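Because the structure is predicted, anything quoted here is derived from the model rather than measured.
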Amino acid sequence: MKFKLHSPYQATGDQPQAIEALVDGIKNKVDDQVLLGVTGSGKTFTIANVIEKTQKATLVIAHNKTLAAQLYQELRDFFPENAVSYFVSYYDYYQPEAYLPSSDTYIEKEATINEEIDKLRLAATTYLMTRPDVIIVASVSCIYGLGSPADYSNFVLEIVEGELIDRQTLLLQLSNLQYERSNTDLLRGSYRLRGDVIQLWPAYQDTAIRIETLGNEIISIKDIDPISGAIVEKEANPFYKNKMAIIYPAKHYMVESKGQKETIAQIRKDMEARVEELKQEGKSIEAYRLEHKVNYDLEMIEEFGSVNGIENYSRYFDGRQTGEAPYTLLDYFKYNQEKFGQDSFLTVIDESHISLPQIKGMYFGDRSRKETLINYGFRLPSAIDNRPLQLNEFLQRKQQAIYVSATPNEWELQRSKNRVVEQLVRPTGLLDPKIDIRPTGNQVEDLTLEIIKRKKLGQRVLVTTLTKKMAEALSDYLNDHEKISKLVKKNLGYDGQEIDYPEVAYLHSDVKTLDRSDILDDLRNGKYDVLVGINLLREGLDLPEVSLVAILDADKEGFLRSSTALIQTMGRAARHVEGLAILYADKITKSMDFAIKETTRRREVQEKYNLNNKITPIGISKPVREKLMQRKSKEETSEENKKSILLKISSKEKINLSAINSEELTPGERQGLVKKLRTQMKRAASDQDFELAAIIRDKISEVESS
């Protein structure tokens, strides 16, 4: 199985030299390289070419789920014949176990698992067990503990047509793989019996398996659609070959029954020692609490093989020593590398200037929470070893790495020994924006006039302020037609001409997630002309319509006006032919000086390339993706005084979630509605629209409980 890149276009600009340099570094065993690529230069396409040319299993790490989903979709399209999967936190909702001493409040772990993401996570590890051509796009959650890959690989059931096996033994083996028996619906990670037929839905794939038996003999094995039961072509299932099905576990954390008694005995021994220690410290309540908690957990493990929070005992079941790092997704890559005889796997860290600090900080936040639980008798000290990797542990496991960023930090540069591969030329010929520095004294009035000019040309504007209050106040000012009218007539002399007033919105952390997405789409569609925010570069904005980025109070040194933030923010205007960045400042700070010089340097490289190759910059035309979720306009919701959420079931049917009254539904209507909502929830999750999936999930719960 070889990586095979599918793309309608070839590498252009400085992509070929970037690809060649990165591949050369990998083949020469260079551990760390930096790809300094500007926005819109096609960094993902470059990485895809590197993967094809080196033929290495690849882990791509992004700093949030949204970015990871975008990269997953792109790489899946580039490599349709290979195993590309998505590995992020599978919780729609997650409340970690915690204790607040100040109010004596214990918060039990509560989580809702997203079924679609769970499938992709299990598919990722299953692929790593079975084939060499694997690309996993992950969030930084990949540094959290999983079960041992060696144990996971031992929990494999192979069944063959014509095989003689006792039916009860087969069902017991499925239970050992954590598949649950269902007497009604066939759900992912479950099996059900229909006479001599066993229907099994593996947790990591979209098709189910139909196992027909006669006595103790397996007569046939077929792939089926889990909903309709219709037979699916065998080729659709990579785990079905030559009349044989290979079934992997339904969960990542597996506990070997062999040696389980000794492990539980060790946990009890450690519990007794810890209880005695707490009593000697005068903590009798904590001692009682711990003894009761651990004994209950162990009884559940002995009876059912699992318990809520079993991961807190993972060190014992994994056979790890105190303080030893947990197994993570990187260990599965190590297993894959050794199994298929590769000399290394590839780790790509996207937006490394953000992702690496996240990886570094996760361990400390987790440890602080666990120490409180341990000190107050809610957990054994071993719980501290169920944790994310520390940065040094991650670096020991990641193998050959490429740090991808438009603004790499000093850490990456030092780590790579300044082996930096630059990709500054965009395939479209677009340039980094011009930079104009203007005084702050009259910055709002000056900015307003610039916005009016862009409005007349049908272009969009981004404005960054220092505080939320400033963002809201500026938005209110720009939306005040009377003030704008006076200013425009005074400075532009409109002499009675009708003014085309701009529509302005603000965007910051207090704006709800769903509303942020709507605001961004509305900006692109022309409902808004200006977006005002604090740290707009963090929104993952790709807005080709934006021709002007204005940074107010650019000379106020700090995180929001650091050289990295300035370069990233100004880069939002690099998707437009007439891109311009205006920095309002009364002095040139050190950060400004670096950002201006670096952006100017990149622009000069781009201009030279365009001139030598007779390229005329071309603007980007990028369609706005249609949403699964449609919400009524303010006019439509004036009677309801709230926004409604419309789900499009078909061309003729829509469901208004806000209008559903569960108490008015008959049992039959409830059943039919829940079925439709489940379909829409899975569709939303499949499209990585997790916010919508969570809303539908809550509505299903409300309907079912009424």
query: Would a 4.5 Å heavy-atom cut-off, applied to side chains only, mark Arg387 and Glu393 as touching?
result: yes

- request: Quick one: closest heavy-atom pair of Leu186 and Pro226, and the distance?
  value: CD2-O, 4.3 Å

- request: State whether the side chain of Ser355 and the backbone N or O of Asp350 hold a donor-acceptor pair below 3.5 Å, judged by distance alone.
  value: yes

Gln342 (side chain) donor-acceptor with Gln55 (main chain) under 3.5 angstrom: yes

- request: Please round to the nearest 0.5 Å and tell me the distance separating atom CD1 of Ile165 and atom OG1 of Thr213.
  value: 10.5 Å

- request: Report the relative orientation of the aromatic rings in Phe333 and Phe345; use parallel for angles under 30°, tilted for 30 to 60°, perpendicular for over 60°.
  value: tilted

query: Is it true that a side-chain atom of Glu217 and a backbone atom of Leu214 form a donor plus acceptor pair closer than 3.5 Å?
result: no

query: Are any side-chain N or O atoms of Arg315 and backbone N or O atoms of Asn386, one a donor and one an acceptor, separated by less than 3.5 Å?
result: no

- prompt: Could you give the distance from CG (Leu75) to CD1 (Ile135), rounded to the nearest 0.5 Å?
  reply: 5.5 Å

- request: Check whether any side-chain heavy atom of Asp385 sits under 4.5 Å from a side-chain heavy atom of Asp318, and report yes or no.
  value: no

message: Is any side-chain heavy atom of Leu128 closer than 4.5 Å to one of Leu329?
response: yes

field: pair Ile198-Leu193: side-chain heavy atoms closer than 4.5 Å
entry: yes

Donor-acceptor pair, side chain of Thr347 and main chain of Leu59, under 3.5 angstrom: no

- request: Check for a donor-acceptor pair, side chain of Arg188 on one end and backbone N or O of Gln205 on the other, with a separation under 3.5 Å.
  value: yes

- request: Determine yes or no for a side-chain-to-main-chain donor-acceptor pair under 3.5 angstrom, with Asn82 supplying the side chain and Lys4 the backbone.
  value: yes

Derivation and outcome, side-chain contact (heavy atoms from CB on, under 4.5 Å), residues Ser175 and Arg181: CA-CA 8 Å; Ser175 296; Arg181 179 170 176 173; over 6 Å; no

query: Can you find a pair of side-chain heavy atoms, one from Phe45 and one from Leu5, that are under 4.5 Å apart?
result: yes

- prompt: Is the closest side-chain heavy-atom distance between Pro202 and Tyr179 below 4.5 Å?
  reply: yes

Heavy-atom neighbours of Lys339 NZ exceed 12 at 6.0 Å: yes

message: Does any part of the side chain of Ile209, heavy atoms only, come nearer than 4.5 Å to the side chain of Asp223, both counted from C-beta?
response: yes

task: Spell out, as yes or no, whether a donor-acceptor pair under 3.5 Å connects the side chain of Asp77 to the backbone of Glu74.
output: no

- prompt: Who pairs with Arg192 by salt bridge (charged side-chain N to carboxylate O under 4.0 Å, His left out), at least two apart in sequence or on another chain?
  reply: none

query: Do side-chain atoms of Glu161 reach the backbone of Ile221 as a donor and acceptor pair under 3.5 angstrom?
result: yes

- prompt: Can you tell if the side chain of Thr44 reaches within under 4.5 Å of the side chain of Val60, non-hydrogen atoms only?
  reply: no

message: Closer than 3.5 angstrom, by distance alone: can the side chain of Ser190 be matched with the main-chain N or O of Leu187 as a donor-acceptor pair?
response: yes

- prompt: Can you name the nearest heavy-atom pair linking Phe394 to Leu389, along with the distance?
  reply: CA-CD1, 4.0 Å

message: Does Glu180 have more than 12 heavy atoms from other residues, nucleotides or ligands lying within 6.0 Å of its CD?
response: no

field: Reported CD1-to-CG distance for the pair Ile227 and Asp185, which is rounded to 0.5 angstrom
entry: 8.0 Å

task: Check the surroundings of atom CD in Gln10: do more than 12 heavy atoms from other residues, nucleotides or ligands lie under 6.0 Å from it?
output: no

statement: Across all chains, not counting sequence neighbours, the salt bridge (charged side-chain N to carboxylate O under 4.0 Å, His left out) partners of Asp366 are Arg369, Lys370

